[in-house]
Number of protein chains: 2
Amino acid sequence: MPTIYDVAREAGVSAATVSRVLNGATTVDPAMVARVLTAVRELGYRPNAVARNLRRSRTTLWAVIISDIGNPFFTAMVRGIEDVAQREGYSVVLCNSDEDPVKEETYVAAALSEQMAGVIISSSGSVKAAKTLTGSPVPVVAVDRELPRAVVDTVVVDNEAGARTATEHLLAAGYRRVACITGPEGVSTADLRLRGYTEAMRSSAPAEPVIVRTDFREQGGYDAMASLLSSPEPPDAVFVANNLMTVGALRCLAEREVAVPGRMGLVGFDEIPWADLVHPSLTTVTQPTYELGRTAARLLVDRIATPAAKPARIVLSAELHPRRSSSR
Amino acid sequence: MPTIYDVAREAGVSAATVSRVLNGATTVDPAMVARVLTAVRELGYRPNAVARNLRRSRTTLWAVIISDIGNPFFTAMVRGIEDVAQREGYSVVLCNSDEDPVKEETYVAAALSEQMAGVIISSSGSVKAAKTLTGSPVPVVAVDRELPRAVVDTVVVDNEAGARTATEHLLAAGYRRVACITGPEGVSTADLRLRGYTEAMRSSAPAEPVIVRTDFREQGGYDAMASLLSSPEPPDAVFVANNLMTVGALRCLAEREVAVPGRMGLVGFDEIPWADLVHPSLTTVTQPTYELGRTAARLLVDRIATPAAKPARIVLSAELHPRRSSSR
DNA sequence: TTCCATCGAGAAATCGATTGCTCAGGTCCT
DNA sequence: AGGACCTGAGCAATCGATTTCTCGATGGAA
């Protein structure tokens, strides 16, 4: 791989001039510019970004730390982030923490070591990772999930309201014993969606709340639904706090031939791809996923520009999409 | 951010010793090791990976360039790659080319500039990107799709055989006018699956092959199916060459209330999440997705170890999963 | 013609970590 | 006791690009 010195020699100029041609471009004689560009082309020179980053002590990489790359919700969000990043001249490095706090900490450490220009994170709950981030000078934006015990730029949806609406929707449809399947404690979306559910139940439900906590995965939803079904007094409807768990729950119901929505009503949080094509079509609370990503990216751009600004907090709204699975 | 010199001063040793403590660990007095580690902890020192990479002239990052991050097939594959990478001490940088050759070229250029340790790519067809890669010293592995006009380590499934099986399955079920919806010319999976279909039609079909080319997206599948339906002599079955297009096709059929499998048989290539829960459940040709990723990652590890070895070519097999959408 | 301002380009320092080389001090053998 | 050898740690070069400083050349004004 040729270096800037090879180019300089080939063009008969100094390395400084080559650098100026490729970056500043000001104050360089057009004839030299031409010579340099020719040399660059002939040698197939490609600047060493590592050396540049070291000298400039900054990079053009963003670390985006999400908790499940298999979840279409996150990948849609990432698209929103990417589109902004690209326009602003940044590249996105996607890190998949897999809902594992230890992996999350590893990725955070790597992002800092690699001198990333910024971090966008959807926390899987590691307080240590959060502390490391806030204790460092790197700009951070929390998206979808709050960063535990930290005050940073944040973009979320109104999880509580969304969950309340979903639960009330089930109650209004005539379901009585509405249960809730939610995610791990300490993950803000799990806790807030649970709170929305509990509130709705408190204020208007004829039955006590029934809560199952599990991970945010398909298998978790399956298992949770199985345990609900085998309880002495099974619910007649369930509000499920994320998309993959909803699919798991539905699969469980399908396997056991429990009629949905006849014997069991179902509402899920998050968009589910082809939710309209499954049988029955799924009622969901959808979020402006792409917008969530875009907004987070914009906040990060602002934060990089003015590191001292007061942290922003943006709450987008979630919307109920009634379909078959909740209609009695 | 403290540097290695700050640590050295704090511990009363030279920077070289700090480096040796944190890396080599050989030939350092235990007392000094302790002093250094204490200083590291107290200062919250975190080695600057950029500087290290420059000095070592190598990194521990892999660029994984895929063509659609929204496609669950790719994300599953990425998991396989990640698991191997993690075990081998590499981090994975995911790059989403979005089926856009220009974006692909940009990412390839970035990977080279950033001195990535290796590249795993599922080409969206850019010959230029392929040339750049093979003309560079960086280890490359092609996965899922061949790298155009290049001889590199490759992991694919037997697309031709899979497509042939799928088509023969439809013919055996009694469908006559079987059409094919496939992806862009120049993308190996699109071309090979088409060839498998054509072979099956040649050898045993009562009707002429009907082919629609589109992109590998859901909307593309939708549009392709719409155009097939509005042709003077619509097919009675369709083989669709990837998962997202299959979903698009199914949505089109559902909207127009074309009975599947009654009036139209359907088989798709690639795993489709909850293919068993949609209505009707979808017959698919599935690939060992995770294994594809793992194998590619292993090849990359080998290639990095022995750059001069002869390129390997591994073909895994795809398997037909008959479900409702193709049963007459 | 001389002097000053301006412009353009090179020399060299720099970013932070790694590593080859060197050398001091101690051990062991003869 | 003297010399060979080994251990452990520091000095300084190095990776490749950027950027400050410096200086020569040019042009315009007096």
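Naming: A, B, ... by sequence-line order, numbering from 1 per chain.
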Asks: Judged by modelled atom types alone, do B/Gln115 and B/Asn53 share a side-chain donor-acceptor pair under 3.5 Å?
Replies: no
Asks: From the set D/dG16, D/dG10, D/dT18, return the single nucleotide nearest to any side-chain atom of B/Met32.
Replies: D/dG10
Asks: Hey, is B/Glu82 close enough to A/Lys103 for a salt bridge, meaning N to O under 4.0 Å?
Replies: no
Asks: Can you find a donor-acceptor pair, distance only, under 3.5 Å between A/Arg55 side chain and C/dG16 base?
Replies: no
Asks: What is the distance, to the nearest angstrom, from the CZ atom on B/Arg9 to the C1' atom on D/dG10?
Replies: 16 Å
Asks: Tell me: OH of B/Tyr5 to P of C/dC15, nearest whole Å?
Replies: 9 Å
Asks: Any salt bridge linking A/Lys131 with A/Glu105? Criterion: basic side-chain nitrogen under 4.0 Å from a carboxylate oxygen.
Replies: no
Asks: According to a strict under-4.0 Å criterion, is A/Thr17 in side-chain N/O contact with OP1 or OP2 of C/dG10?
Replies: yes
Asks: Check every atom of D/dT19, D/dG16, D/dA17 against the side chain of A/Ile4 and return the nucleotide holding the closest atom.
Replies: D/dA17
Asks: Could you state the CZ-C1' distance from A/Arg46 to D/dG16, rounded to the nearest angstrom?
Replies: 16 Å
Asks: For the pair made of CG in A/Asn48 and C1' in C/dC15, what is the distance, rounded to whole Å?
Replies: 13 Å
Asks: Would you say a side-chain N or O of B/Ser19 is under 4.0 Å from OP1 or OP2 of C/dT18?
Replies: yes
Asks: Any salt bridge linking A/Glu291 with A/Arg294? Criterion: basic side-chain nitrogen under 4.0 Å from a carboxylate oxygen.
Replies: yes
Asks: What does A/Val18 touch in the nucleic acid at a heavy-atom separation under 4.0 angstrom: a base, only the sugar-phosphate, or nothing?
Replies: nothing
Asks: Between B/Tyr107 and B/Asn96, is any side-chain donor less than 3.5 angstrom from a side-chain acceptor?
Replies: no
Asks: I'd like to know if B/Glu99 pairs up with B/Arg145 as an ion pair, taking the criterion as any Lys NZ or Arg NE/NH1/NH2 lying under 4.0 Å from an Asp or Glu carboxylate oxygen.
Replies: yes
Asks: Just the rounded figure in Å: distance from P of D/dT19 to CG of A/Leu54.
Replies: 12 Å
Asks: Between C/dG16 atom C1' and A/Arg52 atom CZ, what is the distance in whole Å?
Replies: 18 Å
Asks: Is the phosphate of D/dG10 approached by B/Ser14 (side-chain N or O, under 4.0 Å from OP1 or OP2)?
Replies: yes
Asks: Measure from CZ on B/Arg56 to C1' on C/dT18 and round the result to the nearest Å.
Replies: 7 Å
Asks: For D/dA17, does either OP1 or OP2 sit under 4.0 Å from a side-chain N or O belonging to A/Asn23?
Replies: no
Asks: Using distance alone, with no hydrogens and no angle criterion, decide if A/Ser124 and A/Glu104 have a side-chain donor and acceptor under 3.5 Å apart.
Replies: yes
Asks: Given C/dA17, is OP1 or OP2 found less than 4.0 Å from the side-chain N or O atoms of B/Tyr45?
Replies: yes
Asks: Is the closest side-chain donor-acceptor distance between B/Arg52 and A/Ser113 under 3.5 Å?
Replies: no
Asks: Compute whether any side-chain donor of one residue and acceptor of the other, for B/Arg46 and A/Ser136, lie under 3.5 angstrom apart.
Replies: no
Asks: In terms of the nearest nucleotide of DNA chain D, which residue is placed more toward the 5' end: A/Met1 or A/Arg58?
Replies: A/Met1
Asks: Starting at atom CZ of A/Arg20, determine the distance to atom C1' of C/dG10, rounded to an integer number of angstrom.
Replies: 8 Å
Asks: Quick one, which residues of residues 110-117 of chain A touch DNA chain D with a heavy atom under 4.0 Å?
Replies: none
Asks: Salt bridge or not for A/Arg298 and A/Asp153, using N-O below 4.0 Å?
Replies: no
Asks: Name the nucleic acid region contacted by A/Ser57, choosing base, sugar-phosphate or nothing; use a 4.0 angstrom heavy-atom cut-off, strictly under.
Replies: nothing
Asks: Please round to 10 degrees the angle between the axis of the first five pairs and the axis of the last five pairs in the helix from C/dT1-D/dA30 to C/dT30-D/dA1.
Replies: 50°
